[in-house]
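If you're wondering where the values come from, they're calculated on a predicted model, not measured in any experiment. Order of the sequence lines sets the chain letters (A, B, ...), proteins ahead of strands, with each chain counted from 1.
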There are 2 protein chains.
Amino acid sequence: MSVALTPAQVLRLWHDVALAMVRDDEPDLSLRQMSILLTIYLEAPPHTVRDLARKLEVSKPVITRALDSMGKLELVSRRRDEKDRRNVLIQRTVKGALYLERFADTVVNLSRSI
Amino acid sequence: MSVALTPAQVLRLWHDVALAMVRDDEPDLSLRQMSILLTIYLEAPPHTVRDLARKLEVSKPVITRALDSMGKLELVSRRRDEKDRRNVLIQRTVKGALYLERFADTVVNLSRSI
DNA sequence: CAAATATGATACGGGTCCGTAACAATCAAA
DNA sequence: TTTGATTGTTACGGACCCGTATCATATTTG
């Protein structure tokens with residue numbers, strides 16, 4: 001089953017969503033942060049810094065810093081892997097789930113007018 | 001006619017799009033820059049700094065700086081309003097149109113797999 | 001055990017963006 | 001004409017992110 005959007009619908013939807021996100025006062029996540037957050041929530045765990053760096057094709061410090069930022073916002077959390085203590089396991093949080101839930105609802109509602 | 005996306009489809013689509021944009025090497029536009037670019041291309045002219053600042057609910061320097069950045073990339077251009085030389089009219093460019101066309105095509109293609 | 005490898009974090013210099021406050025240019029009104 | 005509004009830009013100090021190189025810790029290998 002395909003969503004089957006047209007280019008004009010895509011641009012209108014992105015315009016409305018971007019405008020809604022710019023207008024509200026919450027701290028906007030960067031594209032990289034959003035990629036990380038969505039990957040953590042949509043793909044099966046475990047998620048490590050190395051895996052995310054490879055998946056996004058960015059360096060490891062990019063992931064570490066993004067996790068620092070989103071950790072302060074409590075959108076993700078980190079825990080040492082007890083099986084291999086070199087690894088850090090990135091985990092979901094309630095706030096992160098709510099953030100994405102609200103985001104999805106916003107987009108769904110805007111998509112109704114298109 | 002409504003696009004009628006579900007929350008799960010929204011998150012999957014955004015994930016795929018964000019990942020594609022992070023991976024390619026082109027300079028990513030910020031959310032604010034994207035809002036401005038889409039507004040210029042989707043809404044009827046004329047567009048002035050003041051109008052955009054009011055529409056996005058941000059300060060005028062934010063608009064000026066975003067136009068500086070996107071002007072360097074030749075995604076938008078500026079021209080003085082000869083009727084009222086205080087105003088600056090923001091205009092579309094060929095590169096800007098191509099940028100959004102490519103972006104829309106990317107999203108459309110990704111939406112087919114969802 | 002010692003050496004090599006793997007993982008994530010940190011340091012550093014540079015770039016971009018932000019918000020507020022000032023500013024020059026232009027127009028309108030007195 | 002002179003005073004006051006309006007428009008867009010710039011200045012400044014601060015925050016954030018980047019890429020590369022380096023580091024500490026942990027594991028694997030010889």
* Looking at residues at least two apart in the chain, or sitting in another chain, which of them share a side-chain hydrogen bond (donor to acceptor under 3.5 Å, both in side chains) with R80(B)? -> none
* Asked: How would you list, by chain and number, every residue that makes a side-chain hydrogen bond (donor to acceptor under 3.5 Å, both in side chains) with K60(B), sequence neighbours excluded?
  -> none
* **Distance-only polar pair, side chains of T106(B) and N109(B), donor-acceptor under 3.5 Å** => no
* Answer with yes or no whether the side chains of H15(A) and S35(B) bring together a donor and an acceptor at under 3.5 Å. => no
* To do: Specify the residue among K72(B) and S59(B) whose closest nucleotide of DNA chain C lies further upstream toward the 5′ end.
  => K72(B)
Output the rounded distance in Å from [atom1] ([X]) to [atom2] ([N]).
X      : N       : atom1 : atom2 : result
K83(B) : dA28(C) : NZ    : C1'   : 18 Å
L73(A) : dC16(D) : CG    : P     : 10 Å
E82(B) : dC27(C) : CD    : P     : 9 Å

* Is there a side-chain contact between L89(B) and H47(B), using heavy atoms and a 4.5 Å cut-off? -> no
* **Per-nucleotide protein contact string for nucleotides 4-11 of chain C, where B marks a base within reach and S marks sugar-phosphate only (heavy atoms under 4.0 Å, - for neither)** => --BBBSBB
* To do: For R65(B), enumerate each residue passing the side-chain contact (heavy atoms from CB on, under 4.5 Å) test, keeping only those at least two apart in sequence or located in another chain.
  => P61(B), V62(B)
* Within less than 4.0 Å of OP1 or OP2 of dC17(C), is there a side-chain N or O belonging to S69(B)? -> yes
* **Nucleic acid contacts of residues 14-40 of chain A, taken as heavy-atom distances under 4.0 Å to DNA chain D** => R32(A), Q33(A)
* What residue pairs, at least two apart or across chains, pass side-chain hydrogen bond (donor to acceptor under 3.5 Å, both in side chains) with a residue in residues 85-103 of chain A? -> E26(A)-R102(A), E74(A)-K95(A), R79(A)-Q91(A), E82(A)-R85(A), D84(A)-R86(A)
* Asked: Pick the nucleotide of DNA chain D nearest each of D81(A) and V62(A); which residue has the one closer to the 5' end?
  -> V62(A)
* **Aromatic plane relationship, F103(A) with W14(B) - under 30° parallel, 30 to 60° tilted, over 60° perpendicular** => perpendicular
